[in-house]
Amino acid sequence: MSASAVQPLERNGGGRKSNWVRALTSGAAIVTLLYVVLYALYALWEPRALSSYTFTNLINNAAPLAIAAAGETLVVLSRGFDLSVAGVVSLTNVFMAVWPMEGPGGALISLLGCCAIGAVVGTVNGWLVAVLRLQTIAATLGTMIVCQGLALVILDAPGGMVADWVSYELTGTLFGVVPIAGLIIAAVALLWLVFLRTNTGIGIYAVGADEQAAMLSGVSVTRVRFAAFVGAGMLYGVAGFMLSAQTATGNPNAGAPFLMLVFAAVALGGTSLSGGRGGLIGSIVGAGCLMLLQKVLFSGGVSSFYTGIFQGFVLILAILFGRFMPRLFNAGAKK
Amino acid sequence: MVRDGQAALAVRAVSKSYGATVALEGVDLVLQPGEVHALLGENGAGKSTLVKILSGVVRPDGGAMTLAGSAFQPRTILDSRSHGVATAFQELSLLPNLTVAENLMMPRMPRGRTGLASASAARLAASEILRRYDLARIDADETVSALSLADRQRLEIVRAMEHATRVLVLDEPTAALSEVEWLFGLIRQITARGVAVLYISHRLAEVRALCSRATVLRNGRSIATVDLAGASDADIFEMMVGRAVRNEKAPRPLRDSAAPASLAVAGLAGGQLKEVSFTLRQGEVLAVAALEGQGQRDLFRILAGLARPAAGSIHIDGKPTVLRNPQGALKAGRGIAYVPEERKTEGILSSLTAAGNITLPVAGRISRGGLVWSGLEAKAAASVAGSVDLAARYLSFPIADLSGGNQQKALLARTLLTGAQTLLLFDPTRGVDVGTKQSIYAAIRRFADAGGSVLFYSSELPEVTDLADRCMVLYGGRIFAEFHGEDLEEQRLVGALVGHAAVPKGMPRKAGLETGS
Amino acid sequence: MSVSEPKGAAFQASADLRRGGGISRETTNAIIVFGLSILLILGSRFVSPALGSWSQVLTVLMLASFLIVLSFGQGLVILVGGLDLSIPAVITLGGVLATGWAGGGGDWYVLPAILAICGLVGAFNGFGVTVLKIPPFIMTMATSIILASAALGYTSGTPRGASPAAMTALMKTTWVGIPVVVYFVLLFVLAGWLLQSRTVFGRKLYAIGANDQAARVAGVAIGPVTTQAYVVSAICAGFVGMMLVGYANGATLRMGDNYLLPSIAAVVIGGSSILGGRGSFIGTVGGAVLLTTLGTVIAAIGLEQGWRTVIEGGIIVAALFFMREEFFARLRRPKRS
């Protein structure tokens with residue numbers, strides 16, 4: 001690597017940033033700000049926006065994408081792309097619709113089943129990428145297509161019924177105010193904060209920044225990559241589970257829309273697609289923004305035909321903005 | 001011969017091949033406890049492979065290693081570390097996006113009460129380590145990417161020293177350090193505790209100051225282990241290269257100081273460059289000498305069209321010019337071509353052949369009717385390969401398969417083929433062997449003799465004094481001094497490099513100030 | 001000769017070895033992929049007598065034509081280290097505009113004008129990637145989302161109109177018993193190969209993909225050249241949209257959806273590095289033909305869609321597995337006792 005290329009020109013200008021500047025200019029902070037702005041707009045145009053019912057709906061809508069994006073973040077941070085997200089979501093959705101299991105016990109078994117499916121796919125990905133050293137986009141493209149195929153084998157057309165307990169309870173609220181889906185997202189975020197403080201968690205950032213240097217620092221690159229893919233796969237499983245709760249039915253192509261949106265959420269959340277920088281919470285909020293944007297546009301009177309145009313430009317602007325903000329602060333600090 | 005049992009580390013007949021490429025073939029090396037032992041050799045002699053084997057990154061195909069008498073077969077870098085063998089790598093193994101503390105603790109963070117990695121525990125432990133190595137000024141919470149290159153190198157060294165209880169391997173540890181006393185002091189401390197140090201450096205003066213014995217590698221074999229006191233520089237070079245080195249300074253005809261200027265800059269600034277004005281004439285070889293980070297990089301990048309100046313003017317062949325990009329620089333006046341500092345990242349295109357690399361800037365010239373013809377390509381490449389001493393049979397090889405020296409020759413050939421009459425060469429002989437250096441010097445002289453202008457930067461003073469007609473010393477982003485003729489002499493340059501106008505006698509070659517601190 | 005020889009000699013061994021086979025990695029790859037396609041067609045004769053015939057070969061070539069044209073553009077973008085995810089949306093754009101503006105007939109300049117519009121989309125991608133420095137993955141995805149939405153709005157959900165006469169002629173007529181589109185695709189392959197491997201433009205694409213910093217230093221105009229790759233890709237995708245319209249005599253809003261992943265897969269199976277700088281169009285063509293052959297054979301055997309998809313995915317993984325550097329190194333390495 002070119003050591004000189006990354007050498008900061010001014011040690012005292014670029015380097016010493018106070019913690020609050022760092023925090024404020026982080027991707028997660030920017031995307032949270034975006035979420036708040038969007039929500040304010042939404043509330044302006046749609047008075048019901050502040051009701052618990054609307055909020056629960058928003059969270060329910062965003063939960064599958066948010067959790068899938070959280071999983072994708074693990075792989076992106078370790079400098080990889082995981083396309084299998086679409087396959088796993090389809091497969092788990094079909095699994096939920098073809099073999100519904102009633103009651104809380106059934107729901108738990110279903111959830112474990114979904115996680116297991118994701119873990120198996122993640123293990124295969126990990127093996128292809130970490131052991132056989134295949135390119136991540138290409139390898140996960142293969143596993144994604146295989147999973148899509150399997151979903152079609154299990155259920156060749158949309159249909160089936162997700163267990164009632166899952167589709168009712170998981171889209172409801174606790175004490176009438178706290179959305180269950182929100183609790184599950186919070187649990188994912190909490191697990192992430194714990195994971196961040198493990199050697200493997202730090203290892204993901206190390207591998208993402210510079211695989212060679214990480215290896216020479218004693219990090220087991222193979223183990224870290226495996227962990228990233230398996231963790232990601234399990235989260236896709238949970239995403240498929242939540243999607244099933246929301247749609248209450250099965251669709252062998254349910255995961256297809258996730259492919260692009262997941263990366264949009266990750267990028268929006270401030271995670272660098274070249275690895276080593278960012279975090280999972282930003283991706284979750286990023287997913288929330290993408291879903292909220294649709295509602296805002298609708299309530300603002302924009303035809304649903306054109307929401308994509310806004311989504312696309314928001315994505316581009318968010319990336320430019322996320323890059324511009326830290327520079328702005330740096331320039332200020334130098335003066 | 002010393003018995004292996006007493007040795008801190010003994011390497012016997014170690015060999016390693018990558019596919020059909022033999023990297024090491026029968027290497028013997030014995031380190032005594034408390035010894036600083038130099039490992040010398042040209043690039044490609046096998047030094048880095050040996051380092052990787054000792055660190056557990058690569059496993060040897062044959063041979064045996066013992067550590068304090070017991071067999072040593074590290075399978076991973078941690079394995080090697082747990083045996084007390086640690087390495088400060090040349091390419092630095094730090095993670096730029098993590099903090100100093102995290103890097104020092106890698107790969108296992110200290111745990112807090114919850115059983116999870118604790119940032120505060122890591123900070124405490126790291127600060128303690130930094131303090132012990134006289135680096136308390138470095139903040140353990142700082143991200144490594146915010147440190148200067150020199151501090152990163154120090155951190156790499158500190159991390160290795162922390163783990164080296166038996167053997168410390170230092171691979172070019174002073175590449176980014178402009179003063180070495182800090183390192184030498186630490187090495188003295190650690191050897192006093194009985195740790196053996198394997199010291200790899202291209203700088204023979206440093207090696208002589210530190211080490212008493214040296215092992216020389218050539219073509220993957222250990223040629224000899226010598227007492228440095230009894231070996232002259234010429235002896236050592238001969239062992240490294242396999243034949244005596246030509247060392248005469250080619251007599252230079254005096255340059256015509258009235259020759260037209262090919263490049264004239266006035267008040268140039270940008271990045272670390274504060275204000276620089278000079279004129280480069282046709283047929284002149286002008287050197288830039290500077291310690292790390294005095295603005296030389298910005299000067300070359302601006303003139304190559306890779307960066308924009310913040311102020312100042314550039315005249316090329318008498319005309320004021322704005323250099324927007326490298327292709328603009330190639331077309332400006334009679335052309336400016338640049339050989340970059342980093343061969344791997346900015347120089348070669350590894351998946352193309354050597355000929356493809358050489359002809360890239362003039363691709364239009366090797367095409368007829370819109371198509372590229374390999375015959376024309378080969379002819380164009382061959383037309384310049386001779387002038388840099390690059391064997392024609394290498395032209396059809398993927399450039400990644402050539403040695404670093406041959407790659408550098410190809411890059412120089414590329415600039416010659418463009419027909420540009422001004423060459424910018426940034427450290428053109430960095431990391432190339434002695435023979436290639438001679439070929440490159442000869443090519444540069446021929447180019448200047450034919451009326452071309454050369455501006456080059458070099459980190460090696462003998463290169464400056466041997467090759468240049470005139471030398472500017474950059475200090476703090478300004479031209480601090482200028483030497484030519486008789487004055488162009490190492491002792492004088494040394495003083496100017498560190499910002500002393502008067503030159504005290506017998507000053508060490510690299511001393512004093514350092515960038516940014 | 002210089003003293004760097006010994007080192008050179010050590011490396012020369014490996015270089016000679018690489019050249020010793022006389023054929024490059026890319027060529028080997030292409031031969032394997034084409035060989036597999038032929039074996040598959042011949043082999044399918046045993047499964048069903050209707051298969052393995054000349055007419056099946058023509059059908060495969062005709063069906064593969066879409067993918068060949070698409071993956072040429074995708075291949076150029078991948079060659080410079082990018083990725084074009086906007087392909088499905090541009091296919092739809094080409095198709096929707098072709099039916100909308102030139103349905104049934106159309107003036108001679110309408111189709112080129114539509115291709116020019118598609119080219120503008122590519123230029124937009126290139127602008128985002130090279131000037132705004134947005135990662136290609138995100139930039140082309142954003143374009144895709146924007147464009148799909150625009151097409152939806154433009155058509156209000158249902159594209160109208162029929163195929164332009166020229167496209168119907170290309171896709172539906174035969175000459176000397178062979179579909180005209182087969183001649184077209186053969187010419188396209190020749191032109192595409194020349195463009196990628198034998199022109200200055202192609203040479204610059206390889207250089208940028210291999211090392212963009214170094215290419216810049218060597219005087220390659222990174223921004224414009226990279227942008228041109230995206231423009232070519234978008235024009236290819238737009239043309240495929242028209243071809244599909246000619247084939248199916250109408251456009252739909254989702255007509256491009258099933259082509260994104262195969263366009264990447266064909267390039268990868270054809271032996272290109274997804275990281276750029278390596279690959280040949282001939283290999284990509286082989287990948288496209290293999291994927292199409294596989295599709296038709298599986299469909300003819302009567303396997304259901306699901307298993308067909310599973311096998312396709314498996315083929316991609318297997319192709320990657322066999323195309324690893326180490327595997328090739330092993331093939332090249334002489335056996336030692």
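By convention in this document, chain letters (A, B, ...) are assigned in the order of the sequence lines, proteins followed by strands, and residues within each chain are numbered from 1. Keep in mind it's a predicted model, so treat the numbers as computed, not measured.
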Q: Side chains of A:E72 and A:T271, heavy atoms from C-beta outward: is any pair under 4.5 Å?
A: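 Sidechains of A:T271 and A:E72: no contact.
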Q: For B:M109, I'd like to know if atom CE has over 12 heavy atoms of other residues, nucleotides or ligands within 6.0 Å.
A: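 Atom CE in B:M109 is packed in, count exceeds 12.
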Q: Considering only heavy atoms and a distance below 4.5 Å, find which of A:V194, A:T200, A:T198 pairs most often with chain B.
A: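 Looking at each option in turn, the highest pair count goes to A:V194.
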Q: Locate the shortest heavy-atom distance separating B:Q296 from B:Y457; write the atom from each residue and the value.
A: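 It is NE2-OH, 3.2 Å.
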Q: Where does B:L116 contact chain A at under 4.5 Å (heavy atoms): side chain, backbone, both or neither?
A: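 Looking at B:L116, backbone and side chain both touch chain A.
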Q: Tell me, out of A:S217, A:A209, A:S220, who's got the most heavy-atom pairs with chain B below 4.5 Å.
A: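 Top count of heavy-atom pairs under 4.5 Å with chain B: A:S217.
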Q: Under 4.5 Å from any heavy atom of chain A, what part of B:L94 do you find: side chain, backbone, both or neither?
A: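 Only the backbone of B:L94 comes within 4.5 Å of chain A.
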Q: So, does B:Q153 use its side chain to make a donor-acceptor pair with the main chain of B:E172 at under 3.5 Å?
A: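 A pair under 3.5 Å: yes.
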Q: Under a 4.5 Å cutoff for heavy-atom pairs, which residue among A:G203, A:G208, A:G218 has the most contacts with chain B?
A: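 Highest number of heavy-atom pairs under 4.5 Å: A:G218.
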Q: Quick check for you: among B:M105, B:R108, B:R81, which has the greatest number of heavy-atom pairs under 4.5 Å with chain A?
A: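 The option with the most such pairs is B:R108.
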Q: Is the backbone of B:D79 close enough, under 3.5 Å, to the side chain of B:T76 for a donor and an acceptor to pair up by distance?
A: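 Yes: the side chain of B:T76 pairs with the backbone of B:D79.
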Q: Using non-hydrogen atoms and a 4.5 Å limit, figure out which bit of B:S55 sits close to chain A: side chain, backbone, both or neither.
A: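 For B:S55, there is no contact with chain A at all, as no heavy atom is under 4.5 Å.
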Q: Can you establish whether the number of heavy atoms outside A:R277 located under 6.0 Å from its atom CZ is more than 12?
A: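 Open.
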